[in-house]
Colleague: 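One structure follows; several queries about it will come next.
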Amino acid sequence: MNVDLHSHSTVSDGWLTPEALVRRAHANGVDLMALTDHDELGGIDAAAAEAAVCGIGFVPGVEVSVSFVGETIHIVGLGVDRTEPGLVAGLQSVRAGREARAQRMSEALEKVGIVGAFEGARALAGNPAMVGRAHFARFLVASGLMPDVRTVFDRYLARGKPGFVPHEWASLEDAVGWIRGAGGVAVVAHPARYRLSGADMSRLFERFVAAGGEAVEVVSGAHSEAEMRRFATVARQRGLLASQASDFHGEQESPVDIGRCNPLPPDLVPVWSRFV
Ligand code: AMP
Ligand code: MN
Ligand code: MN
Ligand code: MN
């Protein structure tokens with residue numbers, strides 16, 4: 001079965017509408033997919049309807065932004081009820097800080113000579129409530145100042161770079177609680193991407209499990225083979241369900257297309273055993 005449980009649409013920072021994303025998944029042979037826009041549930045109905053038309057399985061999801069020991073962590077929720085009031089209100093509170101953050105990012109970029117970034121980024125965002133760093137990066141590429149999105153992050157937008165503005169997202173416990181309260185399974189997204197010490201990574205998983213988290217992305221478009229093996233071991237040792245996910249944003253930006261994930265090691269328990 002071709003499974004891909006993490007992807008983005010224009011409702012957050014993906015390049016494709018929810019419908020076009022589902023059609024691409026279908027064309028790529030996906031049997032079961034999840035839409036997991038950042039801090040947003042607004043694409044779920046359109047994606048679910050298109051998945052029904054295409055005849056593929058669909059899991060309603062979300063990727064929640066979390067602050068943990070000064071690093072931003074992403075917690076994916078799979079199988080959430082997009083109408084559940086606690087989740088809806090929680091995500092609303094997470095999104096609420098984004099506009100002010102974007103304005104501060106724009107001011108920070110102005111100090112290094114880049115003008116008009118707020119307006120430029122917002123014009124590229126499909127959802128005005130969800131202006132993020134990817135839109136700033138695309139603005140800098142579109143204006144010819146930078147060659148590609150990766151270079152913009154490395155030079156301006158990663159933590160510690162001139163356009164980076166620290167931001168307080170949800171707490172780990174709140175994010176897992178909202179997901180579980182909405183009937184979903186909480187998943188640590190792309191763990192190898194976090195700049196955490198070994199001790200902090202252990203604390204992340206301890207607090208995640210204590211809060212009711214159940215799964216980890218072992219296969220991710222953001223993981224190397226070695227990183228995949230590292231988190232396969234974490235899944236075994238902590239008894240976590242394993243997820244498999246491209247984290248597809250668009251063919252321009254994503255190393256792995258939707259539906260083109262490597263398989264999970266066969267001894268792991270797939271998180272989609274909950275959804276099939
Ligand atoms: P934000 O939630 O506004 O902080 O934006 C986070 C998003 O920025 C991620 O989901 C990715 O889409 C994108 N991103 C983060 N780091 C990088 C990077 N190094 N290269 C390309 N895109 C990145
Ligand atoms: Mn993104
Ligand atoms: Mn992420
Ligand atoms: Mn993602």
Side-chain angles (χ1 to χ4, degrees), residues 4 6-25 27-28 35-40 42-43 46-47 63 65 71-72 74 94-167 169 189-190 192-195 220-224 245-260:
D4 192 334
H6 183 156
S7 64
H8 295 273
S9 77
T10 47
V11 169
S12 64
D13 57 7
W15 284 86
L16 300 177
T17 63
E19 293 90 340
L21 178 74
V22 171
R23 285 194 290 272
R24 186 181 185 93
N28 283 355
L35 176 68
T36 55
D37 276 312
H38 298 285
D39 309 319
E40 256 286 6
E63 181 174 19
S65 309
E71 176 72 320
T72 298
H74 286 167
V94 178
R95 288 195 302 272
R98 274 196 183 261
E99 175 152 346
R101 172 199 191 228
Q103 239 136 14
R104 281 159 61 219
M105 285 174 62
S106 191
E107 285 157 18
L109 287 168
E110 220 168 291
K111 295 204 174 100
V112 292
I114 295 163
V115 293
F118 178 77
E119 293 73 18
R122 196 174 49 183
L124 293 175
N127 175 353
M130 277 303 305
V131 180
R133 286 186 293 163
H135 304 108
F136 279 86
R138 289 168 198 165
F139 164 69
L140 290 185
V141 174
S143 54
L145 288 168
M146 299 296 289
D148 55 58
V149 159
R150 174 146 298 257
T151 309
V152 188
F153 272 90
D154 290 348
R155 225 171 281 170
Y156 291 107
L157 300 180
R159 176 152 60 92
K161 302 298 175 180
F164 181 82
V165 169
H167 190 76
W169 302 108
H190 45 64
R193 292 279 63 77
Y194 308 137
R195 288 189 282 174
S220 163
H223 283 178
S224 67
S246 62
D247 197 3
F248 181 72
H249 286 68
E251 60 186 327
Q252 305 90 325
E253 281 173 23
S254 297
V256 175
D257 201 344
I258 193 164
R260 296 279 189 265

Colleague: I would like to know whether Val112 and Tyr156 meet side-chain contact (heavy atoms from CB on, under 4.5 Å); could you show each step before the answer?
Modeller: CA-CA 9 Å; Val112 292; Tyr156 291 107; 3.9 Å; yes

Colleague: What's the separation between atom CZ in Arg155 and atom CG in Leu140, rounded to the nearest 0.5 Å?
Modeller: 11.0 Å

Colleague: Could you verify whether a donor N or O on one side chain and an acceptor N or O on the other, from His8 and Glu40, lie under 3.5 Å apart?
Modeller: no

Colleague: Is it the case that the side chain of Arg260 and the backbone of Asn28 share a donor-acceptor pair, with hydrogens and angles ignored and the cut-off at 3.5 Å?
Modeller: yes

Colleague: Can a donor-acceptor pair be found, under 3.5 Å and without considering hydrogens, that links the side chain of Thr36 to the backbone of Glu63?
Modeller: no

Colleague: If we ignore angles and hydrogens, is there a donor and acceptor under 3.5 Å between the side chains of Ser9 and Asp37?
Modeller: yes

Colleague: Enter the distance from Phe118:CZ to His135:NE2 here, rounded to the nearest 0.5 Å.
Modeller: 12.0 Å

Colleague: Scan side-chain atoms only and decide if Asp13 and His249 contain a donor-acceptor pair under the 3.5 Å cut-off.
Modeller: yes

Colleague: Using modelled atom types and a 3.5 Å cut-off, is there a donor and acceptor pairing between side-chain atoms of Arg159 and backbone atoms of Phe164?
Modeller: no

Colleague: For the residue pair Pro18 and Val11, what are the closest heavy atoms and their distance?
Modeller: CG-CG2, 4.1 Å

Colleague: Should the pair Glu253-Arg150 be classified as a salt bridge under the 4.0 Å nitrogen-to-oxygen rule?
Modeller: no

Colleague: Walk me through it: do Gln252 and Arg138 pass the test side-chain contact (heavy atoms from CB on, under 4.5 Å)?
Modeller: CA-CA 11 Å; Gln252 305 90 325; Arg138 289 168 198 165; over 6 Å; no

Colleague: What distance separates Ser65 OG from His167 NE2, expressed to the nearest 0.5 Å?
Modeller: 8.0 Å

Colleague: Rounded to the nearest 0.5 Å, what separates atom CD1 in Ile258 from atom OG in Ser7?
Modeller: 4.0 Å

Colleague: Report the residue from Val131, Leu124, Val152 that forms a side chain to side chain contact (heavy atoms under 4.5 Å, CB included) with Phe136.
Modeller: Val131

Colleague: Does Ser254 use its side chain to pair, donor to acceptor, with the backbone of Asp257 at less than 3.5 Å?
Modeller: no

Colleague: Rounded to the nearest 0.5 Å, what separation is found between the CE atom of Met146 and the CG atom of Leu157?
Modeller: 8.5 Å

Colleague: To check you understand the geometry: which heavy-atom pair defines the closest contact between His223 and Ala192, and what is its length?
Modeller: NE2-N, 3.2 Å

Colleague: What heavy-atom pair brings Gly163 and Leu109 nearest, and what distance separates the two atoms?
Modeller: CA-CD2, 3.8 Å

Colleague: Out of Arg95, Arg101, Arg98, which residue meets the salt bridge (Lys or Arg N to Asp or Glu O under 4.0 Å) rule with Asp39?
Modeller: Arg98

Colleague: If you look at every heavy atom in Pro255 and Gly221, which pair is closest and at what distance?
Modeller: CG-O, 3.4 Å

Colleague: Less than 4.5 Å apart, any side-chain heavy atom of Trp169 and any of Val94?
Modeller: yes

Colleague: State the CG-CG distance between Leu35 and Leu21, to the nearest 0.5 angstrom.
Modeller: 6.5 Å

Colleague: Give a yes or no on whether the backbone of His6 and the side-chain of Asp247 come within a donor-acceptor separation of less than 3.5 Å.
Modeller: no

Colleague: Between Asp148 and Thr151, do the side chains contain a donor N or O and an acceptor N or O under 3.5 Å apart?
Modeller: yes

Colleague: Carefully, step by step, assess His190 and His74 under the rule ring-ring contact (aromatic ring centres under 6.0 Å, His included).
Modeller: CA-CA 8 Å; His190 45 64; His74 286 167; 5.4 Å; yes

Colleague: Under 4.5 Å between any side-chain heavy atoms of Arg24 and Leu16, yes or no?
Modeller: yes

